[in-house]
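Written below as structure tokens is the structure these notes are about.
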There are 2 protein chains.
Amino acid sequence: MSDRRATLHDVARYCSVSYQTVSRVVNHHPYVAEETRERVLKAIEELGYRPNRAAQSLAANRSHVLGMLTFGIENYGPAQVMIHTEQAARAAGYDLIFVHTPDSHIESLRAALKRLLHWQVDGLILITPLTNISLDDVRSLSGDYPMVQIGIERGASVPSVGVNQQRGGELVADYLLALGHEQIAEIAGPDDWFDAAERHHGFGAQLARANTAPTATIHGDWSARSGYEATTNLLASGARFSALFCANDQMAVGALQALNKAGRRIPEDISLIGFDDIPEAAYLIPPLTTVRQDFAAVGQQGIAGLLQRIAEPDGEPQQIHIEPTLIERQSTAPRKP
Amino acid sequence: MSDRRATLHDVARYCSVSYQTVSRVVNHHPYVAEETRERVLKAIEELGYRPNRAAQSLAANRSHVLGMLTFGIENYGPAQVMIHTEQAARAAGYDLIFVHTPDSHIESLRAALKRLLHWQVDGLILITPLTNISLDDVRSLSGDYPMVQIGIERGASVPSVGVNQQRGGELVADYLLALGHEQIAEIAGPDDWFDAAERHHGFGAQLARANTAPTATIHGDWSARSGYEATTNLLASGARFSALFCANDQMAVGALQALNKAGRRIPEDISLIGFDDIPEAAYLIPPLTTVRQDFAAVGQQGIAGLLQRIAEPDGEPQQIHIEPTLIERQSTAPRKP
DNA sequence: AATGCGTCTGTGAACGTTCACAGTGAATGT
DNA sequence: ACATTCACTGTGAACGTTCACAGACGCATT
């Protein structure tokens with residue numbers, strides 16, 4: 001209707017109370033008479049009044065916004081985490097301002113972080129699964145902002161929530177060993193992602209406990225293409241293996257094709273196992289055995305942790321682990337005798 | 001260091017100028033002496049001053065924020081659009097506040113929109129590819145906000161940018177007809193997505209021009225699971241077809257498995273074609289023929305359109321089409337004689 | 001010597017809200 | 001009858017910035 005948005009004062013004038021009373025109604029303060037409340041509510045409705053967030057932030061010195069910094073959301077895991085985090089934040093009454101770093105340079109991160117801090121964000125959610133981004137560096141920029149890191153960095157000084165990737169690696173090792181496999185190859189994720197590093201570490205450590213080791217480890221970049229190329233190289237190198245662990249499902253897709261081209265049957269000749277349980281995993285040929293991560297839980301716990309941090313900024317930074325589960329399908333089988 | 005963030009006044013006092021001069025430096029106004037500028041810049045650096053966005057919004061009555069409303073970003077297409085849109089917005093100096101609707105009820109949309117409008121967003125980006133969301137309804141809530149709809153709605157009263165889905169459907173029809181296929185089945189997307197509707201429409205129309213029609217059309221929900229089930233039903237129904245068009249690649253993954261289980265060889269017995277060109281498409285078995293959409297272009301044009309709209313709010317709402325391209329791989333072949 | 005203009009700087013008010021406080025009645029207790 | 005409390009309402013200042021204006025100075029033009 002009108003040119004300008006209605007303000008507290010407009011509403012106040014409209015129903016002859018003070019602006020403060022209107023404010024009280026809006027913020028559900030006690031001590032406003034029922035009759036007045038209704039009159040004000042009606043006026044708000046009629047004038048289409050909406051509080052101005054900028055003014056609220058400024059006056060109250062809190063913004064009701066959380067800053068979300070992401071990297072690599074073209075990948076399934078980070079994207080899932082992001083969606084669920086947004087949901088949890090919204091449920092808690094927070095809006096999200098969202099910056100995506102296109103690359104992992106520390107300078108890009110600084111720039112992204114600066115953008116977020118311009119806003120008086122109440123807290124920071126970091127979905128930046130990279131080891132080369134030192135959280136101390138982040139801290140130096142962001143001061144004592146409440147924040148939560150999604151994905152666990154070992155011994156970090158920041159509260160964090162993530163899937164226990166190390167345990168995931170162990171699950172895979174245990175499972176393949178139980179099937180009788182002794183020669184196991186690995187296509188790991190990029191070294192600078194700590195999810196990848198932890199998976200790799202857990203996997204290797206568990207094999208070591210059984211006095212064995214991966215026959216080969218190649219690092220991919222999460223893409224099907226890299227899985228394909230890694231597998232091709234693996235086969236060309238003459239490495240012998242009866243099982244192959246891919247650190248995510250997309251790389252397993254590529255591996256599947258490479259193995260297929262080389263005439264290896266799955267699971268008869270080679271057992272293949274992925275990680276993530278993307279929705280397509282059950283529909284590959286054969287359906288892919290993989291490790292499922294509960295991203296919804298990560299998102300919820302992440303926000304819960306952050307809100308707690310906002311409420312009481314001191315206290316030991318907690319690290320919350322979500323346990324992964326192995327989903328057995330038909331891409332794995334006992335080793336042929 | 002200090003408890004409170006530095007303000008304009010702090011900086012001003014620190015180097016004995018007025019706050020207004022500092023403001024001028026920050027905003028790159030002309031008419032500030034080189035010597036002063038440097039002194040101020042130095043002070044800003046030393047005090048770690050950052051402008052308070054809330055105060056800026058409030059005073060200037062513009063926020064430098066764009067509101068982004070998304071639906072269905074668990075799907076490849078919307079997610080890609082979102083990423084590229086964010087990038088383009090950031091490049092243009094805008095921050096993004098981000099709300100995701102978990103479902104397509106109009107009430108969820110209203111709620112989401114309300115959140116965005118609380119902020120004095122300068123413009124609105126709608127990535128809500130649903131036909132049941134009437135843009136007029138959006139307008140009634142958002143008034144004359146500059147906005148851009150990602151994904152073309154036929155005859156919409158709002159500027160929009162999207163891939164020419166209809167043309168995509170035509171490409172598929174042309175291609176399969178040229179290969180000699182006459183009996184073509186279709187697994188379409190959900191009816192209430194306009195991308196799906198347009199693809200379906202273009203596909204059907206082009207077949208009609210060749211005096212034929214799909215032998216069967218089933219609607220899936222974009223997931224591999226639904227592709228699998230649809231294909232299974234198709235086969236069980238006894239429908240005869242030598243080619244199958246899936247409205248996205250994920251459904252094609254499911255179809256692939258269903259056909260495989262039924263002993264149909266691809267492409268020898270049945271040609272399969274998808275849509276989207278997800279990164280895994282080239283690594284399926286066999287590599288999937290599909291239609292590629294340039295999501296980066298969509299994002300960039302979307303932001304460009306919105307910024308133009310913000311600059312001059314009047315003028316005919318433009319609709320920008322991005323043309324899709326067919327990527328031929330090995331899941332399609334000429335019909336067996 | 002007076003006028004004008006361009007460059008640079010400062011002042012006051014405004015943006016729309018919250019916070020701290022002060023005030024007003026009416027009901028209650030002594 | 002008077003103080004005390006409680007429920008409710010209003011006032012002034014502040015948050016950190018931008019905008020519109022005005023002032024001061026130097027230099028060229030008349």
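Basis for what follows: all heavy atoms, side chains included, without hydrogens, waters or symmetry-related copies. A note on names: the letters A, B, ... follow the listed sequences, proteins ahead of strands, and every chain is numbered from 1.
- Partners of Ala304(B) by side-chain contact (heavy atoms from CB on, under 4.5 Å), not counting sequence neighbours: none found.
- Rounded to whole Å, atom C1' of dG16(D) lies 16 Å from atom CD of Gln120(B).
- If you take CD on Gln56(A) and CG on Asn61(A), they are separated by 13.0 Å, rounding to the nearest 0.5 Å.
- Atoms CG (Leu58(B)) and P (dG16(C)) sit 7 Å apart, rounded to a whole Å.
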- Message: With salt bridge (charged side-chain N to carboxylate O under 4.0 Å, His left out) as the criterion, how do Arg39(A) and Glu35(A) come out once you've worked through the C-alpha distance, each side chain's angles and the decisive distance to 0.1 Å?
- Response: CA-CA 6 Å; Arg39(A) 231 173 60 231; Glu35(A) 191 266 338; 3.5 Å; yes
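- Side-chain atoms of Ser160(B) and Ile150(B), non-hydrogen and from C-beta on, never get closer than 4.5 Å to each other.
- With a 4.5 Å cut-off on side-chain heavy atoms, Asp95(A) and His64(A) do not count as touching.
- Between the CG atom of Asn52(A) and the C1' atom of dT18(C) there is a distance of 13 Å, rounded to whole Å.
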Side-chain donor/acceptor pairs under 3.5 Å, residues 84-94 of chain B, sequence neighbours excluded:
residue	atom	partner	partner atom	Å
His84(B)	ND1	Gln80(B)	O	3.0
Thr85(B)	OG1	Val81(B)	O	2.5
Glu86(B)	OE1	Arg90(B)	NH2	3.0
Glu86(B)	OE2	His100(A)	N	3.1
Glu86(B)	OE2	Arg90(B)	NE	2.9
Arg90(B)	NH2	His100(A)	O	2.7
Tyr94(B)	OH	Arg62(B)	NH2	3.4

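- The only option from Leu116(B), Ile97(B), Ile127(B) that meets the side chain to side chain contact (heavy atoms under 4.5 Å, CB included) definition with Leu69(B) turns out to be Leu116(B).
- Counting non-hydrogen atoms under 4.0 angstrom, Asn61(B) reaches nothing in the nucleic acid.
- Val22(B) has its side chain within reach of Val17(B): a pair of non-hydrogen atoms, C-beta onward, lies under 4.5 Å apart.
- Summarising the geometry, the separation between NE2 on His118(A) and C1' on dG16(D) is reported as 14 Å, rounded to the nearest angstrom.
- In this structure, NE2 of His9(B) is placed 12 Å from P of dA14(D), rounded to the nearest angstrom.
- With distances taken from any side-chain atom of Ala55(A) to the nucleotides dT17(C), dG10(D), dT18(D), the minimum falls on dT17(C).
- One finds no salt bridge joining Glu38(A) and Lys42(A) here, because no Lys/Arg side-chain nitrogen approaches an Asp/Glu carboxylate oxygen to under 4.0 Å.
- Here the side chains of Gln120(B) and Arg53(A) are not in contact, with every heavy-atom distance at 4.5 Å or above.
- Residues from residues 20-41 of chain B that place a heavy atom under 4.0 Å from any atom of DNA chain D, listed by number: Gln20(B), Ser23(B), Asn27(B).
- Sorted by first and then second residue, the ring pair (Phe, Tyr, Trp, His ring centres under 6.0 Å) pairs involving residues 10-50 of chain A (not counting sequence neighbours) are His9(A)-Tyr19(A).
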Anything under 3.5 Å between a protein N or O and an N or O of nucleotides 22-24 of chain C, put it in a table, one pair a line.
none

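- Residue Leu8(B) contributes atom CG, which lies 13 Å from atom C1' of dC19(D) at whole-angstrom precision.
- In this structure, CD1 of Ile44(B) is placed 13 Å from C1' of dT17(D), rounded to the nearest angstrom.
- The closest donor-acceptor contact from the side chain of Thr101(A) to the backbone of Thr70(A) lies under 3.5 Å.
- Distances shown here put a side-chain N or O of Ser18(A) below 4.0 Å from the OP1 or OP2 atom of dG10(D).
- If Tyr19(A) and Pro51(B) are placed on DNA chain D by their nearest nucleotide, the residue sitting closer to the 5' end is Tyr19(A).
- Distance CG (Leu47(B)) to P (dG16(D)): 14 Å, rounded to an integer number of Å.
- Within the helix from dA1(C)-dT30(D) to dT30(C)-dA1(D), the inter-axis angle between the opening and closing five-pair segments is 50°, rounded to 10°.
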